[in-house]
Amino acid sequence: MADYYTLVTGLPWLPEQMEKCTQLPLSRIALERRLTLLNETDQKVLRSAEALYHPSLSDMQPDQARVQAWQQQVDQLPSETLRQVVGLRLEIQTLLAALRYRRRPDTQAEHFQGFGRWTQWIRQHWKEPLFGLEGRLEFLEHWGELFAQGQTGDLQTQVDLYLWRQLLAVERSHHFTLETVVCFVLRWGLAERRLRSDPDAALNEFQALGDALLQHSGIQQRLTQMFEDSYR
């Protein structure tokens, strides 16, 4: 069994509020070094959860084969908590994909593919503005307004804030477990994507790195600091 206590206590602090995360607390290289404390089985679980939670751009629009693959991978996660965490992410992705898909010409409800609880409901309520889900999902009305106004950046921020809070809640309720580690890494991924899409935040991170490097002289020292010390 992995030494979760040592690993969790060795992870840096991420703010409780996503908007306060103006720079990454460590580099991916440094994070990966800490994650070597996980055994091989746990590392595979983490990689699977990350791939599902932070899909590549080509994986964003569900199709039948992709949805089946998602379901198989979610079912293989070793705990109900992780299945719920990743499943919620894919359900939200399905909901947003449905809004985008419906805007295409000549689309039909029965052709839409999605993951989770809401897919059949979405097909049955295809012509309703928010698929009749606004009464079930308190956040959906606001998200729908942002989507309708074409404010995709603000919509992504709202989605990420919601996911951030969900992940943080799991971290708080699971102490020194694999779930703690996975949810931290997933939050780290949200922060990384936000930094990359936020020029001001990216500049803050760059300046912080530059300030740290200027405290040392010599090319080798700067390279060492860049990859090992700057984000600790």
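Residues take their numbers from the sequence shown, with the count starting at 1.
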For the pair His125 (side chain) and Leu133 (backbone), establish whether a donor and an acceptor sit closer than 3.5 Å, ignoring hydrogens and angles. no

Could you walk me through whether Trp126 and Phe131 pass the ring-ring contact (aromatic ring centres under 6.0 Å, His included) check? CA-CA 6 Å; Trp126 190 250; Phe131 310 112; 5.7 Å; yes

Are Leu161 and Thr157 packed together at the side-chain level, in the sense that at least one heavy-atom pair is separated by less than 4.5 angstrom? yes

Contacts of type side chain to side chain donor-acceptor pair (under 3.5 Å), residue Lys20, not counting sequence neighbours: Gln17

Would you confirm whether Arg34, through its side chain, and Leu7, through its main-chain N or O, come within 3.5 Å as a donor-acceptor pair? no

Asp160 versus Gln156, side-chain donor and acceptor atoms under 3.5 Å: yes

Looking at Glu91 and Arg117, does any basic side-chain N land under 4.0 Å from a carboxylate oxygen? yes

Taking Glu141 first and then Arg136, would you say they form a salt bridge - that is, a charged N and a carboxylate O separated by under 4.0 Å? no

Separation between CD1 of Ile122 and CZ of Arg102, rounded to the nearest 0.5 Å: 9.0 Å

Do Ser48 and Gln76 have side-chain N/O donor and acceptor atoms under 3.5 Å apart? no

Give a yes or no on whether the backbone of Tyr53 and the side-chain of Arg89 come within a donor-acceptor separation of less than 3.5 Å. yes

Cut-off 3.5 Å, side chains only: do Gln71 and Asp75 have a donor facing an acceptor? yes

Side chain to side chain donor-acceptor pair (under 3.5 Å) with Gln166: which residues, sequence neighbours excluded? none

Side chain to side chain donor-acceptor pair (under 3.5 Å) partners of Arg83, counting only residues at least two apart: Glu80

Supply the atom-to-atom distance Leu146 CG to Thr152 OG1, rounded to the nearest 0.5 angstrom. 9.5 Å

